[in-house]
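Okay, structure first, notes after.
The sequence lines fix the lettering, A, B, ..., with proteins before strands; numbering per chain opens at 1.
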There are 2 protein chains.
Amino acid sequence: MESASAPRVPATGRRPRGRPRKTLAQRDDGNRRRALIRGAARLFRRKGFDATSTRDIAAAAGMQSGSPFYHFKNKQALLFAVMEEGMRHAVERQQQAVAAAGMEALDPADQLRVLVRSHFEVLLGPGSDFIPVMLYEARSINARQRASLSELRSTYEGTWVPVLQALYASGRLKADVKLARLMIFGALNWSVQWFDRRKEASLDDLTQAALALFIGGNP
Amino acid sequence: MESASAPRVPATGRRPRGRPRKTLAQRDDGNRRRALIRGAARLFRRKGFDATSTRDIAAAAGMQSGSPFYHFKNKQALLFAVMEEGMRHAVERQQQAVAAAGMEALDPADQLRVLVRSHFEVLLGPGSDFIPVMLYEARSINARQRASLSELRSTYEGTWVPVLQALYASGRLKADVKLARLMIFGALNWSVQWFDRRKEASLDDLTQAALALFIGGNP
DNA sequence: CCTACCGATCGGTAGG
DNA sequence: CCTACCGATCGGTAGG
């Protein structure tokens, strides 16, 4: 369907055997692009955006130094792609968790538990470089990109608001809802600085401690 | 006491009048060094360590591009100096706050209030670039420097432990003390990401909300 | 602390 | 997507 044109075969006189090889440039673009994003996420997280060279990223995806710019306009666009992918994934995970838990039937404390647990998953679970990059490299994207991300962010954070309001109304949460939300995200997001998958507690332990800290657990 | 040697005066025949000017290189070294640290703190905070050039830092202190290296071995040493100064200042402020509040006479909830308030001061008060740099550029110092800082950090965090333990023992704090400490610092430290001195709440409001969130306020 | 400078690296591009 | 390359910038140094 896409391979019959054979003009690039060297004129050796022998016909090519087997499935015709695609030119490198024809390899599934989406795949290569994703490989760049994944490698960039890992490197941006480990070394930071400014200390990561586009050559490092290219090498991580098995490419030559100039090739990332075939897929992305510039380095900043790559950073934005990492963040956007991270946020889309986070929103998706959150919605799955909410659906799987049958959120409406739960009392507000258990609703919060679902959201916290899902948040830790996105933040600290396997392959979780995207959101940390988004949280700690926000300085390096431009205003338009920031605005675009903040829409996704509003969707994500919006889910928390009614839960916190219900907890406040019932007296379980004692702090001003707006400041509480900011501080709760801080408490959770900061875990990327100290959490060690190998030692420390499990994500369930963290969730337990967070709930206990914010609303005194599940009395 | 330090000005009688006049060998650098050009032989114009006229004797110098007034207080002899020091050569540039003789100007109070401590002052110049501090100017570099202060400028570096501001720039590191605004643009990040990697995105800040030593030329920027030099210019902020009114120097030429090579001059910072007269005071610091390299850029990393400058970063470390910023962090160390920040931690020393934080420890000092904390001890002052503890002393001024007559800590021993307070109940644990009020002790926590004193620590939280002092922490916000160091984090968000005027001229508070040092600690944010230390919190968000930790990746860029080496192991020896990190070890040196972690001593100061232990001193600072050590003050919190008995307070949290007392709150836990009395049932006011419901979460595991170790995880609670980490999450509390997260909630507070994250504020540098969103707090705006011009809008939002005052540091007292933040303190109030934090206490309410962690231990249900002061019932 | 300044002047003058160096080697290395980096983001990005043209042309295929 | 590769090759070959450019201009700019950067950390750092020698020598005064």
TODO: Hey, can you tell me if A/Trp160 and A/His119 have their rings parallel, tilted or perpendicular (30° and 60° cut-offs)?
DONE: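 If you compare the ring of A/Trp160 with that of A/His119, the planes turn out perpendicular.
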TODO: Using the six-membered ring wherever Trp is involved, compare the ring planes of B/Tyr136 and A/Trp190 and label them parallel, tilted or perpendicular (cut-offs 30° and 60°).
DONE: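 Because their plane-to-plane angle is over 60°, the rings of B/Tyr136 and A/Trp190 count as perpendicular.
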Is the closest basic N to carboxylate O distance between [X] and [Y] below 4.0 Å?
{"X": "B/Glu92", "Y": "B/Arg88", "value": "no"}
{"X": "A/Asp176", "Y": "A/Lys178", "value": "no"}
{"X": "A/Glu85", "Y": "A/Arg33", "value": "no"}

Open item on the list: So for atom CZ, which belongs to B/Arg153, do other residues, nucleotides or ligands contribute more than 12 heavy atoms lying within a distance under 6.0 Å?
Closed with: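 Counting other residues, nucleotides and ligands, CZ of B/Arg153 stays at 12 neighbours or fewer.
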TODO: Report, as yes or no, whether the 6.0 Å neighbourhood of atom CZ on B/Arg34 holds more than 12 heavy atoms from other residues, nucleotides or ligands.
DONE: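 Open: at most 12 neighbouring heavy atoms sit under 6.0 Å from CZ of B/Arg34.
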- [ ] Establish, with yes or no, whether the OP1 or OP2 oxygen of C/dT9 is under 4.0 angstrom from a side-chain nitrogen or oxygen of A/Ser53.
- [x]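 So the side-chain polar atoms of A/Ser53 never come under 4.0 Å of the phosphate oxygens OP1 or OP2 of C/dT9.
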Write down the distance between [atom1] ([X]) and [atom2] ([N]), rounded to a whole number of angstrom.
{"X": "A/Asp56", "N": "C/dC10", "atom1": "CG", "atom2": "P", "answer": "7 Å"}
{"X": "A/Phe69", "N": "D/dC6", "atom1": "CZ", "atom2": "C1'", "answer": "14 Å"}
{"X": "B/Gln64", "N": "C/dC2", "atom1": "CD", "atom2": "C1'", "answer": "6 Å"}
{"X": "B/Tyr70", "N": "C/dC2", "atom1": "OH", "atom2": "P", "answer": "11 Å"}
{"X": "A/Ile57", "N": "C/dC10", "atom1": "CD1", "atom2": "C1'", "answer": "12 Å"}
{"X": "A/Phe72", "N": "C/dT13", "atom1": "CZ", "atom2": "C1'", "answer": "18 Å"}
{"X": "B/Lys73", "N": "D/dG12", "atom1": "NZ", "atom2": "C1'", "answer": "11 Å"}
{"X": "B/Arg55", "N": "D/dG12", "atom1": "CZ", "atom2": "P", "answer": "11 Å"}

- [ ] Choose from D/dC2, C/dG12, C/dC2 the nucleotide whose nearest atom is closest to any side-chain atom of B/Met63.
- [x]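 Comparing D/dC2, C/dG12, C/dC2 against the side chain of B/Met63, the answer is C/dC2.
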Task: Distance-only side-chain donor-acceptor flag, B/Asp204 / B/Thr207, under 3.5 Å - done: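 No pair is found: no donor N or O on one side chain lies under 3.5 Å from an acceptor on the other.
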Task: Rounded distance (nearest 0.5 Å) linking atom CG of B/Asn189 with atom CD of A/Gln193 - done: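 Here the interatomic distance stands at 8.5 Å.
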Task: Consecutive Watson-Crick or G-U pairs in runs of at least 3, all under 3.5 Å, in which DNA chain D is involved - done: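 Stem list for DNA chain D: C:1-16 with D:1-16.
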- [ ] Specify the residues of residues 38-50 of chain A, ordered by number, for which at least one heavy atom lies under 4.0 angstrom from an atom of DNA chain D.
- [x]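 Here the set is empty: none.
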